[in-house]
Structure formats: structure tokens, C-alpha cells
**Q** 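Here it is: the structure, laid out below.
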2 protein chains.
Amino acid sequence: MKSNSLPQQDNGHPMYHLTRNQQAVLDVLHQQPHPLSAQELYGMMRQQQAIGLATVYRALETLKLHGLIRSRTGTNGESLYSPVLTDQHYLTCLQCGQSFPLDHCPVQELKAPLQHPIPFKIYYHTLEFFGLCEPCTHQVE
Amino acid sequence: MKSNSLPQQDNGHPMYHLTRNQQAVLDVLHQQPHPLSAQELYGMMRQQQAIGLATVYRALETLKLHGLIRSRTGTNGESLYSPVLTDQHYLTCLQCGQSFPLDHCPVQELKAPLQHPIPFKIYYHTLEFFGLCEPCTHQVE
DNA sequence: GAGTGAACGATAATCATTCTCATTGTACTC
DNA sequence: GAGTACAATGAGAATGATTATCGTTCACTC
């Protein structure tokens, strides 16, 4: 990244100059209704333009560090990326790995949500419930 | 696992017969003040007894499916395991990867915490805030 | 004590992610 | 416009946690 004047956006986050590829990755994530893995992203972008896998990972890393996208680890271990727009929370089954999105975020309603002594710049949060979905309760003994 | 009578514990979870190794893994996790990775667990147990890495992973999988331990993915991608006793929530820095535990769980105070249409047996939940810790805010441009 | 199936250990295989390095692109200066 | 500096890129190798395989051992039942 080159030197730049770092103008402030109205949301308070500094606005950085994104490279063409970083912007392309962000665009694809915005167009998708569901979180994507890096590999899926790579496969999709490959069809549109020449891009390397390492570049996809580097772009995701940069976007994440600047609070533009969030990542979440799926049950199979791979990271799933999505834009930081709305809260996304899940019920995740430990057996089959399915995640059921929750449309309501209880954390928003907290009166005193974040009392912590550590100076910290919060970009987003995740709330996830783990257990067994109904079909899987019958399979685990 | 052999056939057994599946007596109920007072917490409502069925109590299964654990193998010696599964019990040993659970014991080590109970003795540790911090979550452990499977590799760390393997290294520690290796010093006490002969055990295979695959067995450690298998034991963790079984314990997790029965709601006895929780797992959480660290910033380096490896899973960290700890007993399901208390809530554990974190502030996690996207830059340096450090996690700062929160001693207070706001989710407990919610009036109507879980209104979801899906029948689901919840073992535990995770609440994690992501962003930048103070030192790292200076490094990310 | 024999039979049966789960649990085990060692090791190979898998696969997402990261690293390396030579090349290319992009400002910025003169 | 040429030259320079450095970030960004792509291809492919390397890493490392996790999972699969397979022959052996253990625990329980009859």
C-alpha cells in the first residue's frame, strides 16, 4: 500500500485505497447471499479474471484487518468470509456440521454490553450456539 | 462404545461410559487453566502414557459430541479445547491473534435469549468480539 | 476360554493455508 | 518521459493440523 492521505469515512473507519484485486474480492463477497470460503472465492473469480490463490488469501487478510469483511470457521475447518454488514449468528450442529442462521441478534439489546478494561477497537462480533440438531440427536446414541 | 443403560446425570445429559483414554483426555483438560490444542494435549499426555495422536483426536470428537468439552478455533487455525463448565468469551485481535478473555457473559442476562423455530439441543455458546487491540491499531496503517 | 466388535496406535494421505521468489504494476521524482 | 522504489501479484513449494487406513489389541458377552 502506498502513502495516502487516509480520509475518514462517515463510519469513522479510515478509508484505504484498495487494489483492483482487493476490490474485486470485496465485490464478489457483496454479491453473494452466503459466506464463501477462500477456495470457493478463488474458483469463482478464476472464471472472470486471472488471479492467483495467494492473492485471494492476501486480499481477504487485508480486508479483514480493515474491518470490511468478517471470517468465521466452518465445522470442516475452513474459513468462511462475508462482508461486515449485518450481524450473523448461528445454531451449529456438532454432528452434521450444518449451521442454521439466526435472524435475531440478542447482543444488540444489551444495556451494558461491553464492560472490559482492555482498550480495543471492535469491528464485529460473533455469537454461535453449538449442540445437536433434531435429526442428529437420534444418531448420537 | 458398548451397549449400556444410559443413566441420566442431574444436568440432564445422558452419562456415557468413557474409555480410559477418553477419560484421561477429559481429566487433562479439567486440570488445565487454559484451552489446549489437540497437538498440545498429545504432547502432554505422551509424557504420562503411551497414546496415539489419532486417539486424542477421536477422544476429543467423542467428548465434544456428548457436550462434555467445547472447541474454539484459534487465530492460527487450530482448534482449542476446554471443558464445558463456564462460559468463555473473548476479545480477539485480528492482527496479532491474541485473545483476551471476558469474565462476564452478557448473553446470560438476556430476557428472551433463544427464540428460534428450529428444534435444537444446545450444549454451549460462544460470544467473541473481533477487532484490533490497542498496540495493533498503530501497526495497521 | 472363544467370539465379536469397538478402540487403539502408527503411519500415510488430505487439504486449507502460508511461504518463497521472481516478475509485474504503480505511483512518484527528476 | 525515463528512472527508481516498493508494493502487489502468480505459480508453485512447503507447512501443519486433521482425517483416513489398516492391522492389532482390548473389553465385554456367552
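Lettering of chains follows the sequences in order, A, B, ..., and the numbering in each one begins at 1. Just the heavy atoms: all of them, side chains too, but no hydrogens, waters or symmetry mates, feed the values below.
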**Q** Is Leu41(A) close to Val28(A) at the side-chain level, that is, under 4.5 Å between some pair of heavy atoms?
**A**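 They are in side-chain contact.
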
**Q** Using a distance-only test with no angle check, is there a side-chain donor-acceptor pair under 3.5 angstrom linking Gln39(A) and Tyr57(A)?
**A**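 Gln39(A) vs Tyr57(A): donor-acceptor pair found between side chains.
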
**Q** Check whether any side-chain N or O of Thr19(B) sits under 4.0 Å from OP1 or OP2 of dA7(C), and answer yes or no.
**A**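 For dA7(C), neither OP1 nor OP2 has a side-chain N or O of Thr19(B) closer than 4.0 Å.
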
**Q** Begin with the C-alpha distance, continue with both residues' side-chain angles, and end with the deciding distance and a verdict on side-chain contact (heavy atoms from CB on, under 4.5 Å) for Cys133(A) and Cys96(A).
**A** CA-CA 8 Å; Cys133(A) 65; Cys96(A) 66; 3.8 Å; yes

**Q** Rounded to 10°, tell me the angle between the two end axes of the helix from dG1(C)-dC30(D) to dC30(C)-dG1(D), each built from five pairs.
**A**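 Axis-to-axis angle, ends of the helix: 30°.
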
**Q** May I ask you to check whether Phe130(B) and Tyr123(A) place their ring centres under 6.0 Å from each other?
**A**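 Centroid distance Tyr123(A)-Phe130(B): not below 6.0 Å, so no.
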
**Q** How many angstroms lie between OG1 in Thr92(A) and CD in Glu128(A), if you round to the nearest 0.5 Å?
**A**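 So the gap between those two atoms works out to 3.5 Å.
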
**Q** Quickly work out the Asn21(A) CG to dT26(C) P distance and round it to whole Å.
**A**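 Atom CG in Asn21(A) sits about 10 Å away from atom P in dT26(C).
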
**Q** Do Thr73(A) and Glu78(A) have a side chain donor and acceptor closer than 3.5 Å?
**A**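 Side-chain D/A pair, Thr73(A) to Glu78(A): absent.
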
**Q** Nearest-Å distance, CD (Glu40(B)) to C1' (dT18(D))?
**A**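 Atom CD in Glu40(B) sits about 15 Å away from atom C1' in dT18(D).
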
**Q** In the 5'-to-3' direction, what one-character label does each nucleotide of nucleotides 13-19 of chain C receive under the scheme B = base within less than 4.0 Å of a protein heavy atom, S = sugar-phosphate only, - = no such atom?
**A** ---SBBB

**Q** Taking the six-membered ring of Tyr90(B) as reference, does the cationic atom of Arg72(B) (NZ for Lys, CZ for Arg) lie under 6.0 Å from its centre and within 45° of its axis?
**A**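 Pair Arg72(B)/Tyr90(B) counts as cation-pi.
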
**Q** Would you say Glu61(A) and Leu65(A) make side-chain contact, with heavy atoms under 4.5 Å?
**A**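 Answer yes - side chains close enough.
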
**Q** Output the rounded distance in Å from NE2 (His17(A)) to P (dC6(D)).
**A**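 Taking atom P of dC6(D) as the reference, NE2 of His17(A) is at 19 Å.
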
**Q** Tyr42(B) OH to dA17(D) C1': how many Å, rounded?
**A**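 Spelled out: OH on Tyr42(B) to C1' on dA17(D) is 13 Å.
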
**Q** Check every atom of dG10(D), dC8(C), dA11(D) against the side chain of Arg46(A) and return the nucleotide holding the closest atom.
**A**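 The nucleotide sitting nearest to the side chain is dA11(D).
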
**Q** To the nearest angstrom, how far is Gln49(A) atom CD from dG25(C) atom P?
**A**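 In whole Å, dG25(C) P and Gln49(A) CD are 14 Å from each other.
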
**Q** For Arg20(A) and dT9(D), what is the distance between atoms CZ and P respectively, to the nearest whole Å?
**A**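 Taking atom P of dT9(D) as the reference, CZ of Arg20(A) is at 9 Å.
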
**Q** Going by atom types only, do Gln23(B) and Asp27(B) share a side-chain donor-acceptor pair under 3.5 Å?
**A**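 Note: Gln23(B) and Asp27(B) side chains meet the donor-acceptor criterion.
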
**Q** Without decimals, in angstroms, what is the distance between Gln23(B) CD and dA27(D) C1'?
**A**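 In whole Å, dA27(D) C1' and Gln23(B) CD are 17 Å from each other.
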
**Q** Rounded to the nearest angstrom, tell me the gap between atom CG in Leu18(A) and atom P in dA27(C).
**A**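 That distance rounds to 13 Å.
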
